[in-house]
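FYI, the numbering just counts along the sequence from 1.
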Amino acid sequence: MPNQPAKTVTYGRVHDLQHISVTTLDNTDGYWVIYIHGGAWRDPTVTADSFKATQEILRKTPGLPIAGIASISYRLSAHPNHPQDPTSTGPKEFRDAKHPDHIRDVEAALAFLQNTYIFGARYILVGHSCGATLAFQAVMGAVAGHREQAFKGDMNKLDISVGPVSTSPGPLPPRLTVQPIAIVGVAGIYDLRRLRDMNAGISAYREFIEGAFGADELLWDAVSPAQMAGSRGVEGGWRSGRLAVLAQSEDDELVDASQVEAMEEVLRRWEKVEAQIPAHELSTKDRRVRVLPISGAHDEAWEKGDQLARAVIYAFEELQAMNLTPRDGTK
């Protein structure tokens, strides 16, 4: 199949931001690369288009087994620097998303892509900043499908008598049929409370976290990939995953290295458990966790595209080293 120009497809009818930029390539047996943009859950200037520079680099890189590239747009929270008048802004344009709206949209978009392009586990989920949060939330046992429960005083004690916590009405999105074989988090946010505490003198951090998740810090912990352990976290939720890459720049002025340190600790536990994969797959059940140093300021990773592309290419190299290229058992 010849390379197709990028097209925009919609996966939801609630909001104009529920769309995906999709490009199909001629390697039909390859992997899909699916990107989730950052922007603190609220910046309307950071959109699905922010993957364009990276996408061009990936498409020009020889030898990458890429079947398709997708960049997900999702509903955003309100931004004080980009105010909207609720009396004159239509509901499909008004930005007032609250958790779990953002992750619901990501799950719905992923399910749409899987159902449309039938790529199964042959995809790498890539996220920048809060997009990395969303990527790992998509495989967390306590968040994926919005099964998070109410907490009463202790983040490690679920109140199972209470139904799922949700501030968003409407039906749940379809569940993913197959989880990603790899997740690449670039300049990711993995512990909300830690991010606030490490930047206690900057009010914007608390503001954008509360804007997306509200003021309940127990909920912050419940949705933080680096906080939840066991079956409620990535460790128990991402059962079929094989590779996690955490990319971070020492020049990042917005997200400090402690985020990666906290997430790596969780992923090292995940790494020790064999992947649950079909018996017919001709591969081991090994997992890998890799921390990749990159360079540049926080947003330069996607603005210039080279460092974000470097992280994706590195993931392909690791999958190749694990004998997990499409022709080696991941069809």
Using a 3.5 Å distance criterion without hydrogens, assess whether the side chain of [X] forms a donor-acceptor pair with backbone atoms of [Y].
X      : Y      : value
Trp220 : Gly214 : yes
Arg268 : Val289 : yes
Lys98  : Gly211 : yes
Tyr123 : Gln114 : no
Asp221 : Gln227 : no
Arg287 : Val273 : yes
His15  : Phe94  : yes
Gln137 : Val223 : yes
Glu235 : Gly230 : yes
Ser21  : Ser71  : no

Open item on the list: Testing the basics here: between Ser224 and Leu192, what is the closest heavy-atom pair and its distance to 0.1 Å?
Closed with: OG-N, 3.1 Å

TODO: Return yes if a side-chain donor-acceptor contact under 3.5 Å exists between Ser249 and Gln307, otherwise no.
DONE: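 Result is no, nothing qualifies.
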
Task: Side-chain donor-acceptor pair present, Thr45, His82, cut-off under 3.5 Å - done: no

- [ ] Using the salt bridge (Lys or Arg N to Asp or Glu O under 4.0 Å) rule, collect all pairs that involve residues 30-48, keeping only residues at least two apart or in two chains.
- [x] none

Is any side-chain heavy atom of [X] less than 4.5 Å from a side-chain heavy atom of [Y]?
X      : Y      : answer
Ser77  : Phe208 : no
Leu110 : Leu125 : yes
Ile36  : Phe51  : no

Task: Ring-ring centroid check His37 Tyr74, cutoff 6.0 Å - done: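 Here the rings of Tyr74 and His37 have centres that are less than 6.0 Å from each other.
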
Task: Whether His128 and Trp302 hold their rings parallel, tilted or perpendicular, with breakpoints at 30° and 60° - done: perpendicular

